[in-house]
Every structure is written in C-alpha cells, then in structure tokens.
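The residues of the chain are indexed from 1 along the displayed sequence. None of the values given here were measured: they were computed from a predicted structure.
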Amino acid sequence: MTISVAIIGAGFAGIGAAIRLQDKGIDDYVVFERDTRVGGTWRDNTYPGAACDIPSRLYSYSFAPNPDWSHTYSGSAEILQYIDGMVESSGVAPHIRFEHTVTGVVYDADAGEWTISFSGREPERARAVIIASGPLANCSFPAIRGIEDYEGHKIHSARWDHDYDFTGKKVAVVGTGASGVQIVPELVQQAASVKVFQRTAGWVLPRINTETGEFTKSIYRRIPGAQQLARALWFWGHESVALGVVWNTPLTRVVEAVSKLHLRLQVRDPWLRRRLTPDFAAGCKRLLMTSDYYPALQRDNCTLVTWPIARIAPQGIRTVEGVEHRFDCIVFATGFDVSKTGSPIPVTGLDGRVLADEWSGGAFAYRSVAVSGYPNLYVTFGPNSGPGHSSALVYMEAQIDYITDAIAQLLRGGWKALDVRAEVQEAYNRDIQRRLTSTTWNSGCSSWYLTDDGFNATMYPGFASQYVGQLRTVDLQDYRILVHEEASSAAAAG
C-alpha cells in the first residue's frame with residue numbers, strides 16, 4: 001500500500017509539516033522517527049544550561065502560539081514540552097512510527113513513487129517524501145589526533161551523560177560556541193576545576209532572560225492578538241539586526257561596540273579581554289548570546305586555554321607548546337555533523353542519480369526545499385536557508401507551508417510528479433551565491449557555514465521577510481508536471 005506522504009523525522013519540522021498537511025485536508029501521511037519520542041534536537045540536547053538564544057515568541061510556530069512561555073528565552077525542557085503539546089493538541093500522534101531508522105529513499109519513475117528503506121524493517125512506498133531530519137540531527141566526536149587513546153570519560157554536548165558525577169572532577173570543555181558558553185557556567189558550579197579550550201573567540205552579546213508574569217500570560221491567553229503583536233515586534237526587531245550581521249556595514253560596528261562593552265563590563269583583566277576579543281567582523285561566525293559565560297571564566301576553578309590542541313593524550317589534552325593537561329572528563333561542545341556536502345540520508349532520484357554525488361561539492365536546492373531530478377521530494381531547513389539574525393522557526397514555517405501546498409496540488413491534480421526545472425534551479429543558486437559574496441559569512445573567517453573550500457551551502461543572504469516572501473506561492477511554471485500517461489516517455493527522455 002502506498003501512502004500519500006512520508007515525513008522523515010519528528011522534530012520541529014516534521015511535526016509542523018504533519019500539522020500543516022492536516023490543515024490542508026491530507027490525513028494519509030506517516031511520520032517516521034528513528035528515536036522513541038519526538039523532539040529532534042531538543043530531545044537530544046539536554047546538557048546543563050541548554051536553551052535557545054532566540055526569544056520564545058519567535059522560536060515557535062505562528063499557527064501554534066503558546067501563551068505560557070515562562071521566560072523570554074526558553075530552556076530545552078520547555079521547548080520539548082511545547083513540541084509535545086503540539087503533538088497532543090493536533091492529533092498527529094497516531095501517524096508517528098517510532099524506531100524507524102531510514103536507510104535510504106529511491107524513486108520509481110514508472111510509478112511516480114518513492115521507496116523508503118529502514119534498518120531491520122520492511123520498506124514503505126509514498127507518493128511524496130519530506131526529509132525533515134534537520135541539519136543538527138547527527139553528531140560525533142571531532143577528528144582530533146589521539147582521541148581514541150583517551151582513557152578518561154568523554155561526553156559530547158548533544159549526547160549528554162546524565163549519570164556522570166562531575167563533583168570533584170577535573171574537566172575540560174573543548175569548544176566555545178553556542179553550546180560551550182551554556183555548558184561552562186553550569187560545570188564550574190560542580191567540578192573541582194574546568195579548563196576551557198578556545199580555538200576562536202566569538203562575539204558575545206548579553207542575554208537578558210526575564211520571567212514572564214502570570215498577568216502577561218493571562219493577556220496572551222485572552223487576547224490572541226496581543227501575542228501576535230509581541231511576535232511581530234520581535235520579528236521586526238531581529239530583521240533590523242540583519243543590517244549589522246548579514247552584511248558588513250556601519251551597523252556591524254555598532255554590534256561590535258555593544259559586544260566589546262559587554263566584555264569590558266564583565267571582564268576586568270585586560271589580558272583575558274584580549275584573548276576573548278574576536279579578530280573578524282561580527283556575524284561572520286554565529287553570534288553568542290550569554291550573560292553568564294564571562295563571569296564563569298573568571299571563577300577561581302576555571303581557566304581559559306587558547307593554545308591550539310596538538311592531540312588528545314591518554315590522560316588528557318596536549319597543546320602545541322608541549323603542555324599536557326590532565327583530566328577526568330573531556331566535554332566536547334564541538335557542534336554537529338552538518339550536511340554541507342553529501343546528503344543526510346542516501347537518496348536516489350531519476351535515472352539512478354544520487355543526491356550525495358550531486359552535492360559532493362556543496363549542497364544546493366531550489367528555494368532550499370526541492371532539487372531537480374528528485375520529483376515529489378522535499379527537504380526542510382535545506383541548503384542556503386540558515387538565518388544569521390532571526391529564528392529558524394520563521395524560515396521553517398515558510399518552508400513547510402510551501403512544501404505542503406506543493407504536495408496538496410500534486411495530490412489534487414492527480415499528477416505523477418512535480419520536478420523542479422534544472423535551469424530554474426541553476427539560476428536561483430547562481431543568484432544566491434552571487435549575493436553571498438557581499439555577506440559577512442563569506443568575508444574570510446572560517447566557520448561551520450562553509451565547506452572546506454569556502455562554498456557557502458548554509459546561509460540565506462538576505463532578510464527573513466525576503467526568504468518568507470519567496471515561498472508564499474508555488475510557481476508551477478518552475479516545475480515539470482508529469483502526468484501518468486506521459487511519465488514513462490518523459491523518464492526515458494531524461
């Protein structure tokens with residue numbers, strides 16, 4: 001039996017896509033999730049201090065408002081509770097199949113269907129597929145020489161070991177990105193000593209996390225428009241930040257000045273301030289939002305190490321100047337295996353083409369969501385949809401609305417396939433890469449946004465409102481529409 005839509009992943013994107021399919025009257029869908037519960041990255045990231053650095057009003061779906069956010073910025077447990085609430089209130093739960101690890105999807109051009117394969121389970125077939133596994137689904141320990149020789153305890157931030165007791169332990173934290181700056185303030189309160197290994201200093205802005213009072217919550221409950229207004233104010237406030245973050249402008253100097261003032265107010269030691277001052281333009285790497293990190297670094301039991309790591313030794317970490325630092329535990333806050341090249345799962349399209357091969361030099365797509373030669377297959381948070389200044393949920397909501405609209409038209413029309421025209425996709429990506437040349441991300445610093453050879457397959461070079469605007473309508477002239485009668489001849493013609 002062929003289902004209409006297969007959704008891979010039950011995180012924010014997968015659950016949102018399921019809800020929007022239902023809103024369009026499409027109930028014949030299945031969500032395949034490899035884990036035993038929903039939540040995606042917020043299920044997996046449970047390290048101490050885990051939280052979002054985007055305000056909760058904006059880091060949520062407009063079609064699923066939550067009047068009960070406890071603070072301006074939410075922790076991972078509250079975000080996971082929000083996702084659970086969406087599942088419960090929408091009726092999505094019966095459509096989710098847990099412990100279904102997808103091992104590949106293959107397109108059958110004659111039938112106009114996708115075959116989804118699983119580890120240890122029978123394959124399924126679907127008219128359309130939404131890959132909603134997200135860019136932050138997979139992680140691994142970094143490829144540092146000697147890491148396999150380490151005899152102490154290793155923890156990755158995205159696979160936290162809650163059974164490990166840090167009390168009285170000597171701990172290393174490798175990485176000072178978004179996860180690292182949240183973990184360090186928590187560990188210094190437990191461990192005997194913490195050494196933080198910094199490769200590159202980041203631009204840090206204060207994060208003022210105020211509690212939302214019961215009166216304000218009651219206003220949001222009784223007057224839905226009040227919450228919509230709050231969301232809109234946060235949205236346009238973040239849009240203005242793009243002028244100083246996406247592009248290197250005089251407003252970039254303002255962002256840097258605020259960050260430097262924050263550093264000066266929180267760090268008195270001039271030498272420490274110097275080591276914590278970035279040497280690249282604000283926005284080139286992800287901005288860090290924290291008011292707790294700098295004070296934690298100055299605790300008596302905390303030390304910042306800026307010498308590069310030479311290798312992991314059996315008892316700890318050896319830096320390039322020849323010093324070996326010994327630890328009971330090393331915490332790797334080194335990020336995720338983001339698929340800038342290759343594909344998150346094996347995908348085989350028309351004429352046996354393999355998506356991982358086509359993306360080997362850098363991922364690309366049409367409007368971030370569809371790839372020519374892979375009919376009726378869509379990705380959420382795909383190539384060049386990363387926001388540098390706003391909420392990922394704003395971008396993701398636009399994507400799932402576009403995707404579910406395209407699928408609804410496919411099913412209503414009884415068509416065999418919608419396939420993006422190659423020339424349209426090429427023109428779109430040529431324009432994206434041209435626009436990226438003037439952004440801060442392509443200004444010369446090394447970041448996870450870029451491939452090893454400098455190709456930016458990650459970020460969108462514009463305002464969130466521009467990105468949302470391009471996805472408001474499915475322009476059918478940008479697609480080849482295949483109907484059942486002509487499918488075999490079209491496939492033969494390529």
S.K.: Please determine if Arg480 and Asp419 form a salt bridge, counting it only when a charged side-chain N lies under 4.0 Å from a carboxylate O.
M.R.: yes

S.K.: Nearest 0.5 Å, please: how far is CD in Gln298 from CG in Leu272?
M.R.: 6.0 Å

S.K.: Between Glu78 and Ser70, is there a side-chain donor-acceptor contact under 3.5 Å, judged purely by atom types and distance?
M.R.: yes

S.K.: Could you tell me how the ring of Tyr82 sits relative to the ring of Phe12: parallel (under 30°), tilted (30 to 60°) or perpendicular (over 60°)?
M.R.: tilted

S.K.: Can you tell me how far apart CG (Leu21) and NZ (Lys24) are? Round to the nearest 0.5 Å.
M.R.: 7.5 Å

S.K.: How about Arg274: does its CZ atom have over 12 heavy atoms from other parts shown lying under 6.0 Å from it?
M.R.: no

S.K.: Any chance you could lay out the side-chain contact (heavy atoms from CB on, under 4.5 Å) test for Ser465 and Trp236, step after step, and finish with the verdict?
M.R.: CA-CA 9 Å; Ser465 50; Trp236 290 109; 4.2 Å; yes

S.K.: In terms of heavy-atom contacts, does CZ of Arg264 have more than 12 from other residues, nucleotides or ligands at under 6.0 Å?
M.R.: no

S.K.: Apply side-chain contact (heavy atoms from CB on, under 4.5 Å) to Gln409 and Asp405, showing your working.
M.R.: CA-CA 6 Å; Gln409 294 194 53; Asp405 188 19; 3.7 Å; yes

S.K.: Determine, stepwise, if the pair Val420 / Tyr374 fulfils side-chain contact (heavy atoms from CB on, under 4.5 Å).
M.R.: CA-CA 8 Å; Val420 175; Tyr374 302 85; over 6 Å; no

S.K.: Using the side-chain contact (heavy atoms from CB on, under 4.5 Å) definition, which of the options Ile130, Thr380, Ile7, Val369 pairs with Ile400?
M.R.: Thr380

S.K.: Atom OH in Tyr61, atom CE in Met396: separation rounded to 0.5 Å?
M.R.: 5.0 Å

S.K.: Do Tyr467 and Ser368 have side-chain N/O donor and acceptor atoms under 3.5 Å apart?
M.R.: yes

S.K.: Got a sec, which residues hit salt bridge (Lys or Arg N to Asp or Glu O under 4.0 Å) with Glu358, two or more places apart in sequence or on another chain?
M.R.: Arg353

S.K.: Yes or no on side-chain contact (heavy atoms from CB on, under 4.5 Å) for Leu251 and Val255, after CA distance, side-chain angles and deciding distance?
M.R.: CA-CA 6 Å; Leu251 285 176; Val255 174; 5.7 Å; no

S.K.: Inspect the surroundings of CD in Gln81 and state if more than 12 heavy atoms from other residues, nucleotides or ligands are less than 6.0 Å away.
M.R.: no

S.K.: Does the side chain to side chain donor-acceptor pair (under 3.5 Å) test come out yes or no for Thr290 and Asp292, once each step is laid out?
M.R.: CA-CA 6 Å; Thr290 174; Asp292 302 323; 4.8 Å; no

S.K.: List the steps and the verdict of salt bridge (Lys or Arg N to Asp or Glu O under 4.0 Å) for Asp478 and Arg367.
M.R.: CA-CA 11 Å; Asp478 294 340; Arg367 300 188 184 182; 3.7 Å; yes

S.K.: May I ask you to check whether over 12 heavy atoms, not counting those of Gln477, lie within 6.0 Å of atom CD?
M.R.: yes

S.K.: Can you tell me how far the CD1 atom of Ile79 sits from the OG atom of Ser56, to the nearest 0.5 Å?
M.R.: 6.5 Å

S.K.: Any side-chain heavy atom of Tyr402 within less than 4.5 Å of one from Gln470?
M.R.: no

S.K.: Look up atom CG in Leu263 and atom OH in Tyr293, then write down how far apart they are to the nearest 0.5 Å.
M.R.: 11.0 Å

S.K.: State, to 0.1 Å, how close Tyr220 and Ala230 come at their nearest heavy-atom pair, and which atoms those are.
M.R.: OH-CB, 3.5 Å

S.K.: Strictly below 4.0 Å, N to O, side chains only: are Arg20 and Asp401 in salt-bridge contact?
M.R.: yes

S.K.: With under 30° as parallel and over 60° as perpendicular, where do the rings of His95 and Tyr29 fit, or are they tilted in between?
M.R.: parallel

S.K.: Going by the side-chain contact (heavy atoms from CB on, under 4.5 Å) test, name the single residue among His162, Glu186, Gln189 that passes it with Pro48.
M.R.: Glu186

S.K.: Can you give the donor-acceptor pairs under 3.5 Å from side chains of residues 198-207 to other protein atoms, not counting sequence neighbours?
M.R.:
from, atom 1, to, atom 2, distance (Å)
Gln198, NE2, Arg275, O, 3.0
Trp203, NE1, Phe280, O, 2.8

S.K.: Between Val174 and Thr334, which heavy-atom pair has the shortest distance, and what is it?
M.R.: O-CG2, 3.6 Å

S.K.: Applying side chain to side chain donor-acceptor pair (under 3.5 Å) to Asn429 and Arg434, what does each step give before you reach the verdict?
M.R.: CA-CA 8 Å; Asn429 282 281; Arg434 177 188 60 79; over 6 Å; no

S.K.: Drop me the distance from Asp53's CG to Asn209's CG, to the nearest 0.5 angstrom.
M.R.: 11.0 Å

S.K.: Would you call the rings of Trp114 and Tyr107 parallel, tilted or perpendicular, where under 30° means parallel and over 60° means perpendicular?
M.R.: tilted

S.K.: Please check if the number of heavy atoms outside Leu265 that lie under 6.0 Å from its CG is greater than 12.
M.R.: yes

S.K.: Locate the shortest heavy-atom distance separating Tyr47 from Ser157; write the atom from each residue and the value.
M.R.: CD2-O, 3.3 Å

S.K.: Heavy atoms, side chains only, cut-off 4.5 Å: are Asn384 and Asn456 in contact?
M.R.: yes

